[in-house]
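Note that the structure is a prediction, hence the values are computed from the model and not measured. Here, residue 1 is the first one in the sequence, and each next residue gets the next number.
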Amino acid sequence: MEGNILTRVFSPDPRDPCFAIGCSYSPPRNLAAGAPWPGSVADIVIENNTITESTRGIVVKNVGGQVRLHGNLLVNLVRHDGSIGYALDPLPGANLPFTGNTGLNYAGHQLGSSVDSNANVLK
């Protein structure tokens with residue numbers, strides 16, 4: 001996903017995690033506890049997208065392989081309570097370069113322990 005402009009992406013239901021860009025993989029509902037998940041979501045590029053006035057920006061969860069997030073701009077004119085800019089938690093062993101991204105006026109960003117946010121501007 002590259003070079004998109006998304007404005008005012010949200011759900012009127014505060015319980016709905018409607019992200020402007022979402023890449024996540026969840027196990028099937030009837031999967032036995034401890035059973036391996038079938039299939040996978042991997043090798044994703046999310047680059048140079050602009051998301052404005054959206055309470056949720058980009059989610060990348062339970063994905064593997066090479067996942068590149070670079071040069072994305074997430075910005076709200078006013079900070080919204082409960083808003084989330086980046087929610088990133090790849091699978092163990094995934095390579096997730098997260099560089100050159102901006103997230104402004106979000107209540108927070110949810111980054112897994114394997115995600116390095118130092119090469120970004122997140123406020």
* Going through the distances and angles, do N49 and L6 end up as a side-chain contact (heavy atoms from CB on, under 4.5 Å)? -> CA-CA 8 Å; N49 297 288; L6 304 165; 5.9 Å; no

* Check the pair L77 / N105 against side-chain contact (heavy atoms from CB on, under 4.5 Å), numbers first and verdict last. => CA-CA 7 Å; L77 295 176; N105 280 332; 5.6 Å; no

* Apply side-chain contact (heavy atoms from CB on, under 4.5 Å) to I58 and I51, showing your working. => CA-CA 9 Å; I58 296 175; I51 299 171; 3.8 Å; yes

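From T50, atom OG1 reaches atom CG of N72 across 8.0 Å, with rounding to the nearest 0.5 Å. How far NZ of K61 is from CD of Q110: 9.0 Å, rounded to the nearest 0.5 Å.
Membership of the apolar cluster around V121 extends to L73, V75, L104, as traced through chained side-chain contacts below 4.5 Å between ILVMFWY residues.
When hydrophobic clusters are built by joining Ile, Leu, Val, Met, Phe, Trp and Tyr residues whose side-chain heavy atoms come closer than 4.5 Å, directly or via intermediates, V60 is grouped together with F98. The hydrophobic cluster containing I21 does not contain F19, counting ILVMFWY residues as joined when their side-chain heavy atoms lie under 4.5 angstrom apart, directly or transitively. Hydrophobic clustering places V41 together with V67 (ILVMFWY residues linked when any side-chain heavy atoms are closer than 4.5 Å, directly or through intermediates). Taking hydrophobic clusters as Ile, Leu, Val, Met, Phe, Trp and Tyr residues chained together by side-chain heavy-atom distances below 4.5 Å, I44 shares a cluster with L88. Linking ILVMFWY side-chain heavy atoms closer than 4.5 Å, directly or via other members, places V63 and I46 in a single hydrophobic cluster.
Residue pairs satisfying the side chain to side chain donor-acceptor pair (under 3.5 Å) criterion with at least one member in residues 77-95, sequence neighbours excluded, are listed as follows: Q66-N95.
Annotation: salt bridge (charged side-chain N to carboxylate O under 4.0 Å, His left out) contacts of E2 (sequence neighbours excluded): none.
Of all non-hydrogen atoms in N76 and E53, the two that sit nearest each other are OD1-CA, 3.0 Å. Looking at every heavy atom in both residues, L69 comes nearest to N101 through O-ND2, 3.1 Å. Residues A87 and I84 share a closest heavy-atom pair of CB-CG2, 4.1 Å. Closest approach of P90 to V115, counting heavy atoms only: CD-CG2, 3.8 Å. Nearest heavy-atom pair across R8 and S54 is N-OG, 3.6 Å.
Side-chain atoms of N120 do not come within 3.5 Å of backbone N or O of T102 as any donor-acceptor pair.
Using a 4.5 Å heavy-atom cutoff, the side chains of L111 and S117 are in contact.
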